[in-house]
Amino acid sequence: MSASAEMPYFIKPSQNMGSEEKTAAYEQALQELTAVLEGETDFILIMATINCILKTHLRYYYWVGFYCVKEGRLSVGPYQGTLGCLHIDFSKGVCGRAARERQTQLVGDVHALVQGAEHIACDPNSQSEIVVPVFDKQNNLLAVFDVDSSEKFSFDEIDRRYLEEIMQRFLAR
Ligand code: SME
């Protein structure tokens, strides 16, 4: 049995979505992002807006946000959810692994990983996770984008495809 904690009043438990519904939600989010972010160049503004629009449409997004590469480690950037860890070393967690390997990480059950090493539990309600690396045009790693769900196996290849496209389209420059 995994640990859990009472959710604050502004957070709801995740609800998994089927492939068709998930694809439609990402298409809607992509349309809104394209309209809202037209001509915008400020990274903080773009990151905050990506978090908000995706979390609005995808009901299994429990925690969503960015960890930015700063002084050789990952430091929390714009996010929505319960309190995130402030700093993550490249050697630790799913975020560190995505940064090290420069590849998207999909984890169906975070409790199957070694806690503190392979996975860092910022919120005990997290059950599954996707972490997508964010690159600039020169292929330098800028950040990782992290989404946690309070349900197991919320993320799949559909999430990977849309999220990699969104990071590339709105943040690579
Ligand atoms: N679970 C992540 C840490 C960040 S929180 O989920 C917000 C990890 O293992 O890297």
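Just follow the structure's listing: the first ligand is 1, and inside any ligand the first atom is 1. Values reported hereafter were calculated over all heavy atoms of this structure, with side chains retained and with hydrogens, waters and symmetry mates removed. Sequence positions, counted from 1, serve as the residue numbers for this chain.
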Considering only protein heavy atoms, which is closest to [atom], and at what distance to one decimal place?
| atom | answer |
| --- | --- |
| atom 6 (O) of ligand 1 | D148 OD2, 2.7 Å |
| atom 9 (O) of ligand 1 | I120 N, 2.8 Å |
| atom 2 (C) of ligand 1 | E129 OE2, 3.1 Å |
| atom 5 (S) of ligand 1 | C122 SG, 3.1 Å |
| atom 10 (O) of ligand 1 | C95 N, 2.8 Å |

Judged by atom type as modelled, is there a donor-acceptor pair below 3.5 Å linking the side chain of [X] to the main-chain atoms of [Y]?
| X | Y | result |
| --- | --- | --- |
| Y79 | G84 | yes |
| W63 | Q80 | no |
| K152 | Q127 | no |

Which atoms of ligand 1 sit under 4.0 Å from any heavy atom of I88?
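Selected atoms, number and element: 3 (C), 4 (C).
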
Give a yes or no on this: more than 12 heavy atoms of other residues, nucleotides or ligands lie within 6.0 Å of atom CD of E101.
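Yes.
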
For F155, what residues pass the ring pair (Phe, Tyr, Trp, His ring centres under 6.0 Å) criterion, not counting sequence neighbours?
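Scan of F155 (ring pair (Phe, Tyr, Trp, His ring centres under 6.0 Å), adjacent residues dropped) gives Y60.
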
Quick test of your reading of the model: are E21 and R59 salt-bridged, counting only N-O distances below 4.0 Å?
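A salt bridge links E21 with R59.
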
Does the distance from a Lys or Arg side-chain N to an Asp or Glu carboxylate O, for D159 and K22, drop under 4.0 Å?
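Yes, charged N to carboxylate O under 4.0 Å.
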
Step-by-step side chain to side chain contact (heavy atoms under 4.5 Å, CB included) determination, L142 to V69:
CA-CA 6 Å; L142 294 175; V69 177; 5.9 Å; no

Based purely on interatomic distance, does [X] place a nitrogen or oxygen under 3.5 Å from a nitrogen or oxygen of ligand 1?
| X | answer |
| --- | --- |
| E118 | no |
| V94 | yes |
| W63 | no |
| D146 | yes |

Check for me whether Y67 has a heavy atom closer than 4.0 Å to any atom of ligand 1.
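Yes, Y67 has a heavy atom closer than 4.0 Å to ligand 1.
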
